[in-house]
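All remarks here apply to the structure that follows.
Basis for what follows: all heavy atoms, side chains included, without hydrogens, waters or symmetry-related copies. Each ligand, and each atom within it, is numbered from 1 in the order the structure gives.
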Amino acid sequence: MIPMVDLKGELEILGDPIFKTMKEVLLSGEYILGEKGKELEEKIAQYTGASYGIGVGNGTDALYLALKALNIGQGDEVITTPFTFFATAEVIAGVGAKPVFVDIEEGTYNIDPTKIKEKITSNTKAIIVVHLYGQTAKMDEILEIAKEFDLKVIEDACQAIGTEYKGKRVGSFGNIGCFSFFPSKSLGAYGDAGMIVTNEKILYEKICMLRNHGSEMRYVHSMIGINSRLDEFQAAILLVKLKYLDIFLHKRSEIAKRYTNELNKKLKKPPIFCDRTHTFHQYCIEYAKRDELALFLKQNGIASAIYYPIPLHLQQAFDYLNYKAGDFPVTEKAANNILALPIFPSMTFQAQDKIISTINRFVK
Ligand SMILES: *Cc1c(COP(=O)(O)O)cnc(C)c1O
């Protein structure tokens with residue numbers, strides 16, 4: 001079976017330095033918020049072009065802490081996309097605020113800036129922008145709206161580490177950027193981990209406290225926080241993998257290029273724009289007979305996946321928001337037609353050959 005990702009395959013390249021660094025951490029006696037975590041915070045901040053990095057437990061907590069740090073809660077509204085992983089909107093409800101959805105653009109699958117203004121009310125406090133699949137949203141347009149209406153901007157960059165928009169990497173366009181290092185992400189740990197980046201010192205200091213029970217000094221608590229700290233093993237693993245990130249992202253874009261060139265023209269493929277890069281956390285095609293194609297691939301030993309089959313406005317958990325089918329046509333069409341193909345840095349030419357020829361045999 002050709003899988004969607006091959007995490008064990010990476011160990012053939014990274015195994016030695018990872019085993020070595022794991023042993024170092026084990027023998028250091030320091031397992032949470034230690035030297036490795038600090039180094040990773042600095043390196044990720046540097047990599048993304050932000051002033052500060054704060055290591056946290058996972059990407060969901062990063063988003064939750066971002067909202068908390070911006071004082072968003074009861075009575076507030078936060079605008080976001082309905083075509084994303086559940087966590088993006090879950091945290092908005094989690095802090096007591098109301099998620100307000102805006103449809104996506106064709107092709108990029110990201111929030112459509114031309115549809116944001118009509119959803120802004122006197123209660124709107126922020127926009128959570130998702131850079132889905134490794135493709136950036138239209139940040140200039142979004143930042144312009146945020147400025148006009150005095151809204152905070154949080155980037156959910158969980159799928160887009162390293163993606164560039166007008167020459168600058170995602171994460172520090174808005175007030176706060178959030179990253180996930182879930183194992184299958186483009187930069188993945190071997191467990192849960194996440195990172196927040198920001199250019200604002202006040203937010204940095206506040207989030208450092210919020211992730212650690214609202215405490216700066218042990219047993220002195222100045223605010224209500226949570227426990228969401230980065231552990232040293234994950235930080236150490238990520239420090240090794242960060243060195244290979246750009247090589248791995250390049251490999252992803254090479255694989256994507258070949259899919260785009262060689263897959264049947266009847267399939268809708270991800271567009272590339274001259275003012276931004278695409279790091280292909282996922283390579284997704286659109287095809288009306290998506291389910292039949294997925295089954296055919298499976299029968300031929302090839303995995304595929306649907307991100308995401310049910311848009312957030314149609315999730316049972318958000319019934320109370322009273323959305324209905326038809327509210328976001330672009331999102332709903334994408335959810336019905338989208339199919340993600342295997343893409344990972346260690347994928348061989350032969351494996352991709354098999355995927356391409358199998359798809360082209362089905363799509364005529
Ligand atoms: C993975 C992901 C998250 C959540 O990250 P976790 O580390 O799994 O909590 C949030 N948003 C998006 C867009 C993601 O892809």
Side-chain angles (χ1 to χ4, degrees), residues 4-5 7 37 40 44 53-68 78-95 99 101-102 104 108-111 126-137 139 142 153-163 170-171 173-174 176-197 207 211 226-231 233-235 237-238 241 249 252 278-284 305-312 315 317-318 331 334-335 338 340 343-344:
M4 287 299 291
V5 289
L7 299 176
L40 186 71
I44 295 287
I54 308 124
V56 296
N58 54 67
T60 306
D61 284 354
L63 291 161
Y64 176 85
L65 289 166
L67 291 168
K68 278 284 179 198
V78 179
I79 287 173
T80 194
T81 160
F83 197 56
T84 174
F85 179 57
F86 187 65
T88 312
E90 182 183 31
V91 294
I92 299 171
V95 299
F101 297 118
V102 168
I104 56 168
T108 70
Y109 308 106
N110 286 320
I111 195 164
I127 306 174
I128 301 185
V129 182
V130 180
H131 305 301
L132 202 69
Y133 306 144
Q135 168 90 274
T136 72
M139 288 313 296
I142 294 164
V153 174
I154 297 169
E155 288 176 79
D156 178 344
C158 288
Q159 299 188 5
I161 191 159
T163 303
V170 295
F173 285 95
I176 298 179
C178 300
F179 294 95
S180 164
F181 305 126
F182 185 76
S184 65
K185 301 283 154 107
S186 296
L187 177 60
Y190 295 144
D192 275 313
M195 183 76 64
I196 292 172
V197 298
I207 296 166
R211 73 166 166 187
I226 57 172
N227 170 8
S228 183
R229 299 171 300 216
L230 181 62
D231 85 68
F233 284 105
Q234 302 309 332
I237 289 160
L238 289 163
K241 292 181 78 172
L249 293 181
R252 283 177 183 276
H278 191 323
T279 48
F280 291 102
H281 170 59
Q282 299 297 345
Y283 186 95
C284 293
I306 301 168
Y307 310 114
Y308 296 90
I310 306 172
L312 299 192
Q315 292 285 351
F318 289 128
T331 292
I338 203 118
I343 190 163
F344 48 89

Nearest 0.5 Å please: distance from the CD1 atom of Ile176 over to the CD1 atom of Ile207. 4.0 Å
For ligand 1, which atoms sit closer than 4.0 Å to a heavy atom of Gly59? 5 (O), 6 (P), 7 (O), 9 (O)
Is the gap between the ring centers of Tyr109 and Tyr133 under 6.0 Å? yes
Below 4.0 Å, non-hydrogen atoms only: which portion of Asn58 touches ligand 1? Side chain, backbone, both or neither. both
Taking only heavy atoms of Thr88, which atoms of ligand 1 are found under 4.0 Å from at least one of them? 11 (N)
Any side-chain to backbone donor/acceptor pair from Thr279 onto His281? Under 3.5 Å, distance only. no
Going by heavy-atom distance to atom 3 (C) of ligand 1, choose the closest among Phe85, Phe181, Phe182. Phe85
Under 3.5 Å: N/O of Gln159 near N/O of ligand 1: yes
Can you measure from OG1 (Thr60) to CD (Glu90) and round to the nearest 0.5 angstrom? 6.5 Å
Tell me whether Lys185 reaches ligand 1 (any heavy atom closer than 4.0 angstrom to a ligand atom). yes
If we set the cut-off at 4.0 Å for heavy atoms, which region of Thr84 has an atom near ligand 1: side chain, backbone, both, or neither? side chain
Distance-only polar pair, side chains of His131 and Gln159, donor-acceptor under 3.5 Å: no
Identify the closest protein heavy atom to atom 13 (C) of ligand 1: which residue and atom is it, and at what distance? Asp156 OD2, 3.4 Å
Are any side-chain N or O atoms of Arg252 and backbone N or O atoms of Phe280, one a donor and one an acceptor, separated by less than 3.5 Å? yes
Please work out whether any backbone atom (N, CA, C, O) or any side-chain heavy atom from C-beta onward of Thr60 is under 4.0 Å from ligand 1, and answer side chain, backbone, both or neither. both
With a 6.0 Å cut-off on the ring centroids, do Phe318 and Phe86 count as close? yes
